Amino acid sequence: LSHERGDISDVVLRYVVEDAPVYLVVLDPEGRVRQANRYVCELLGFDPVERSALLEDLLIDCCELPDLSALAEAGDGPKLLNIATSGLPKSLSFKFRRTDNDETLMIGHQSLDEIETLQHALLTANRKANNFARDLQKLNAHLHKINEQKNQFLGMAAHDLRNPIGALTIYADYLRRSGEERLSNRELHYLTRMSATSKQLLSLLDDLLDFAAIESGRFKLRPKRTNIVMLVRETIALSQLSATAKRIDVQYRSKTSPIYVMVDPSKIEQLLGNLLSNAIKYSASGATVEVFVAEHGINPQATGQAGRYVSFAVRDEGVGIPLAEQWGIFRPFTTTSTQATAGETSTGLGLAIVQLIVDAHRGHAWVASREGEGCTFFVCIPIEFLEDTDRQLRSSESAYRSSSAELINPMVVATYKTIAPQQAKRLSDEFLEQARSLLARLHHEQAGDVGGQTEVQDVDSARSRESLVRETLAQIQGLCMGVGAERLLMKCQQSLRAVQAGKALELDRIADVLEQTQQTLSTIDWTSEVANEGITAMKQRPRVEASASRHDLINPIDPSACRVLVADDSHDNQLLLTTMLQKAGYETLVATDGKQALEVVRECWPDVVWMDVNMPRMSGLDAAEQIRAMENGEDLVIIAMSASSTETTIARAKEAGCDELVVKPVQSDTLVDATSRHLRALMNRRAGLSL
Amino acid sequence: VLQRFTDDDELDVTTVAISEPLYQEYLRALLQGNSTDCARLVTQLLDHGVAIRALYVELIHRSMYEVGSLWQANRISVAREHLATAITEEMLELIYPRLFAEGTVGARVIVATLPGEYHQIGAKVIADIFEVNGWDSHFLGGHDSEAALLKRIDELRPDLLAQSISVSFNLPQLHRVLGAVREAYPMLPILIGGQGLKDCGHEVSQSYLKIDYVSSITALEAWLES
């Protein structure tokens, strides 16, 4: 070509030198670059001729540098070499040719086929990845839908099951009562079991309903300014019923002065109810359950602003929860190995509901427990959580969460021992003191490390240093485990590892934690304080207060010790009223007319009689008159029931000796309220008489 | 090589939801291979509540059509066209999770490409149109045999199969797939569509029972309506 078509040869040469993506280098016998085309300069990012680069500067791997003359003489086989570029290395196929003046021509190119294959593979991989992502999205949407359906189903099932099970409860109760004479003990026992099981089922269904409602997002907070102390005490009053049934004493142990908080009262009541029912469920008969409330300021960060928080704690004397099972206890469907003391069942949803409610209030819930020593459930929520701006909320929340473990665990320990506040104080003081001396030791040790390099090299000193660290670790571990300060423990362990690795200790961090702990300890004085006050208040409180005040709610009459007679000729009404009364815990009796009512009163002497005015054989008012005429005839309550409430009816009922006239149909609230109100008056009268 | 929407879907400029400058910005980013900018624009449009259909017709369809024209006019390389295709697929995956807000009509469809065909954007858009219209829509692409399709049909028991073909060169392959599906599922309604059927869609559909041809998104929407 070069001989016959000189013009074309020039064009080709210029193309190869100026434009073509071909690697072209001329090397002298020593391997130094004499000439390079533009493509080589572009790849390298510099001109190798100017820098008098050697062949080895152009190649990357070079485990053995190719022998130029051998390569040039080896023939046509291309040699694959990795070349250096300003970016990623490239693999090119090279051929070497010896020129007339003993130089070597090195020509290389990248395989287009290979690039094509690579491109194809990448595109295919990309397509597949896209399709997989798509399948996942589809599946995700599907799962989301199924979850919604699950919640709907839960809600629906629970709701639709409620009514039939309610009916089962009522009929089982009715059968048991009406068949007392005809049925064998075994049959009666079965009926009792039936009714108890139905009641359990009902409460399980209620949990499911709540959970479904919350999970499906139908859970809306309706925050109101609420006196949390009053709310707590009212909730305690509501739980007395089940507590009394197990002979468990539920006590409020804090100040009675109001604390106002922005919360959704019904949700907080539900939360407390769940905690209380758990405490009762896992307490043995005769035990005490204590409830504490306190307002306090925790400084979430050492430098952060103080927040206002309200905490409540429910403490029981049950068997406690093993440490390993405390994790995840607030997750749905988690149950522990701890057994309820009266065979009560659990859905594993009660605490999950607590957690959801606490989360909605941007609060925090946790448990402190040791096996065999009962457990204490804590809830802490910010007082004005809704008045914060979102940003503040987020930052304070996250700060609060991150620091709460260290801050709260010492508090847990202190409150855990609230029954002996002095003991708690001593424990936390001890904790602080030990931690401080430990810190001082580490500080000292570190100072020694920094101060004298020679000491470190000294074998004896290094050994004593190691043993010091081990010893202190053991101390910290014992300490931290004792108080449940896991995060502090973790930090100490990190620090230990750092020491062993010869790094500087982050003592400031530990100092920080201790500082925070101390701050917290000052806020936990409320526990001992309020506990003391609570106990003093309990001792000083008069047994009977004149007015029907809160005290009545807190110390209600014991319904199970009271008998109520329902006298009504309608079986439906009998069943309805007795069911409602039994639900409230009363023992009930029935009579179908005035004469029978008289007999029952004579034989059983109930505390309260609900007397229908219009009954066959003897009217309710006649029966009331005759009861009052009996010996001690005033020593029971008679409440008349009538469809009419004209003044004459009321006057006639009073005349006959009835305490009150209630209009039919009698609602559940009215029934229970009137019964307990009159009972209380009766108890007071009886107390007065006995004195 | 481009998977093109058919001519029935020509853009009606009087009703566009996506402005010209925005479209040009997207096209520029697409041709430069800048998927980050493309994703930003698509996300913005989605966040502004632009209808999914408008996004498909006025952005995805229009830009890919233009990319195809540029390639045909030798103004961009195959590699660049592939890059634009890859980015467009990425955009489809970005849009996809937003489709599920719609209710469901209780019907299920499998939208499949032909085994061995690389082009799946058109078929994916069709799958999304089904999803937007309340169908439970499953896309099957990148498979290498009709056995994979039959297996999927067996698993999902769809009410409809929508089979795409992107180049007419693959018509024998289409016949093989349709034959296999017909044999295994004689009663399964089938829709066929795609650029590969541009000249013979009706002819092919008439040679089978219960197979309809849809020539465009608009035709599909009319079919869904009916």
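Computed from a predicted structure; not experimentally measured. Labels below follow one simple rule: chain letters A, B, ... track the order of the sequence lines, proteins then strands, and each chain is numbered from 1.
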So for atom CZ, which belongs to A/R51, do other residues, nucleotides or ligands contribute more than 12 heavy atoms lying within a distance under 6.0 Å? no

What do you reckon, is OH of B/Y118 surrounded by more than 12 foreign heavy atoms closer than 6.0 Å? no

Euclidean distance, B/H143 NE2 relative to A/K128 NZ, rounded to 0.5 Å: 12.0 Å

Counting distance only, does the side-chain N/O of A/K138 pair as donor-acceptor with the main-chain N or O of B/P97 below 3.5 Å? no

Using heavy-atom distances under 4.5 Å, tell me whether A/H144 contacts chain B through its side chain, its backbone, both, or neither. neither

Backbone N or O of B/E93 within a donor-acceptor pair of the A/R134 side chain at under 3.5 Å? no

Heavy atoms of other groups near A/F46 CZ, more than 12 under 6.0 Å: yes

Relative to chain A, which of B/L83, B/D128, B/L140 shows the most heavy atom pairs under 4.5 Å? B/D128

CD (B/E225) with more than 12 external heavy atoms under 6.0 Å: no

Given that the side chain runs from C-beta out, which part of A/Q137 has a heavy atom under 4.5 Å from chain B: side chain, backbone, both or neither? both

Where do B/K124 and A/N131 land on the side-chain hydrogen bond (donor to acceptor under 3.5 Å, both in side chains) test, with the steps shown first? CA-CA 9 Å; B/K124 264 190 187 170; A/N131 291 350; 3.0 Å; yes

Can a donor-acceptor pair be found between the side chains of B/E90 and A/N126 at a distance below 3.5 Å? no

Within a reach of under 6.0 Å around CD of A/Q119, are more than 12 heavy atoms found that belong to other residues, nucleotides or ligands? yes

Check whether A/D135 gets within reach of chain B through its side chain, its backbone, both or neither, counting any heavy atom under 4.5 Å. side chain

Interatomic distance, CD@B/E89 vs CG@A/N130, rounded to 0.5 Å, equals 5.0 Å

